[in-house]
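By convention in this document, chain letters (A, B, ...) are assigned in the order of the sequence lines, proteins followed by strands, and residues within each chain are numbered from 1.
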There are 2 protein chains.
Amino acid sequence: MESIPFDVMDPDCPSRVVLQRIGDKWTPLIVHALKDGTLRFSELRVAVGGITPKVLTQTLRTLERDGLVERTVFAEVPVRVEYRLTALGESLLGPLDAVRAWAESHAGNILQARDAFDATV
Amino acid sequence: MESIPFDVMDPDCPSRVVLQRIGDKWTPLIVHALKDGTLRFSELRVAVGGITPKVLTQTLRTLERDGLVERTVFAEVPVRVEYRLTALGESLLGPLDAVRAWAESHAGNILQARDAFDATV
DNA sequence: AGTACTTAGTATCTATTGGATACTCTCGGT
DNA sequence: ACCGAGAGTATCCAATAGATACTAAGTACT
């Protein structure tokens, strides 16, 4: 068992790729939407307001490939597809939720800072 | 004092813009680099390996505008410019560090998941 | 006087990513 | 034969990121 094999400040370290995936535009919102269980494609589209189907598909495929989300197809008519977090994906809920909570609780401060900044320019 | 005025799942909520700023490609790395104090432009470039000066400037300007980073110019020759976190920026260290730590400690799992996934395709 | 040196950036051009909108596919019901 | 539902693709255009080269200001050197 090694310690600290990864360092995000190193541009060639794989952990940087990982950081940029979980910090991408939609991943935090999708993971948050799935925190209470499974959702279908169309439910995810609504839960994550504003995402287009193309980008939702792309992001889900990447999350699946990275082992964070599991995709299950039910051979019904019409077809039903369910998405849910894997154990690895669930382990990401805590950290991402901290960032989400920060964003919600400090959004006001940032809007204020922008107004102040724009006023000086 | 209101509670929960912001919700990142709402596409029109300003907190979503904030989330996407702090979750952008370089912000977490820059904030992490500044955690121990001030750095000059050229030091930041080295600390955050792989960033081009254009993008570093863009990101720093945005962070400054949003009140997370303070920029100080010293009229020396050659000019010296120092960047440091504001109090608001420092409040972001905890949440972002949780995500960074997750990325470093789970990068191995994700690489494994990718290999497994690619093997099935 | 001219030139080199340092730091902190711009400028320019190209490649990649994201977004808007419309279309496809399957199959069962009417 | 035609329509509807769900889960996506296809296509095209705009915005963002990256590579590379260049600029500005002032002092020190020759």
Contact class for B/Y83 vs. all strands (heavy atom < 4.0 Å): base, sugar-phosphate, or nothing?
-> sugar-phosphate
Round to a whole Å and report the spacing from CZ of A/R16 to P of D/dG18.
-> 10 Å
Residues B/R100, B/D97: salt bridge by 4.0 Å N-O rule | yes
Just by modelled atom types, is the B/S15 backbone N or O under 3.5 Å from a matching donor or acceptor in the A/E104 side chain?
-> no
Could you check whether A/K25 gets within reach of a base, just the sugar-phosphate, or nothing at all, counting any heavy atom under 4.0 Å?
-> sugar-phosphate
May I have the distance from A/E64 (atom CD) to D/dA7 (atom P), rounded to whole angstrom?
-> 15 Å
Classify the nucleic acid contact of B/V81 as base, sugar-phosphate or nothing, counting any heavy atom under 4.0 Å across all strands shown.
-> sugar-phosphate
Whole-Å distance between D/dG8 C1' and A/L44 CG?
-> 13 Å
State, with a plain yes or no, whether a side-chain heavy atom of B/H106 is found less than 4.5 Å away from one of A/V18.
-> no
Just how large is the angle between the end axes of the helix from C/dA1-D/dT30 to C/dT30-D/dA1, five pairs per end, to 10 degrees?
-> 30°
Among the nucleotides D/dA7, C/dC27, D/dA21, which one has an atom lying closest to any side-chain atom of A/V77?
-> C/dC27
Can you check whether A/L92 reaches A/L85 side chain to side chain, under 4.5 Å on heavy atoms?
-> no
Is the closest basic N to carboxylate O distance between B/E82 and B/R80 below 4.0 Å?
-> yes
Please examine the side chains of B/F6 and B/V8, heavy atoms only from C-beta on, and report whether any two atoms are closer than 4.5 Å.
-> no
To the nearest Å, how far apart are B/L60 CG and D/dA17 P?
-> 14 Å
Would one find a side-chain N or O of B/W26 under 4.0 angstrom from OP1 or OP2 of D/dG18?
-> yes
Ranking B/Q58 and A/P78 by the position along DNA chain D of their nearest nucleotide, the one closer to 5' is A/P78
Phosphate contact (C/dA8 OP1 or OP2) by B/R80 side-chain N/O below 4.0 Å | no
With no hydrogens and no angle check, is any side-chain donor or acceptor of B/T27 less than 3.5 Å from a backbone partner on B/G23?
-> no
Side chain of A/R16, backbone of A/M9: donor and acceptor closer than 3.5 Å?
-> yes
Nearest-Å distance for atom pair CD/C1', residues A/E76 and C/dT26 = 13 Å
Please state how far atom CZ in B/R21 lies from atom C1' in D/dA17, giving the value in whole angstrom units.
-> 15 Å
According to a strict under-4.0 Å criterion, is A/R40 in side-chain N/O contact with OP1 or OP2 of D/dG6?
-> no
Ignoring backbone atoms, establish whether B/T52 has a side-chain N or O less than 4.0 Å from OP1 or OP2 of D/dA19.
-> no
Could you check how far CG of A/L39 sits from C1' of D/dA7, rounded to whole Å?
-> 15 Å
Spell out yes or no: do the side chain of A/K54 and the base of C/dG19 have one donor N/O and one acceptor N/O closer than 3.5 Å?
-> yes
Rounding to a whole Å, what distance do you find between A/R61:CZ and C/dG18:C1'?
-> 18 Å
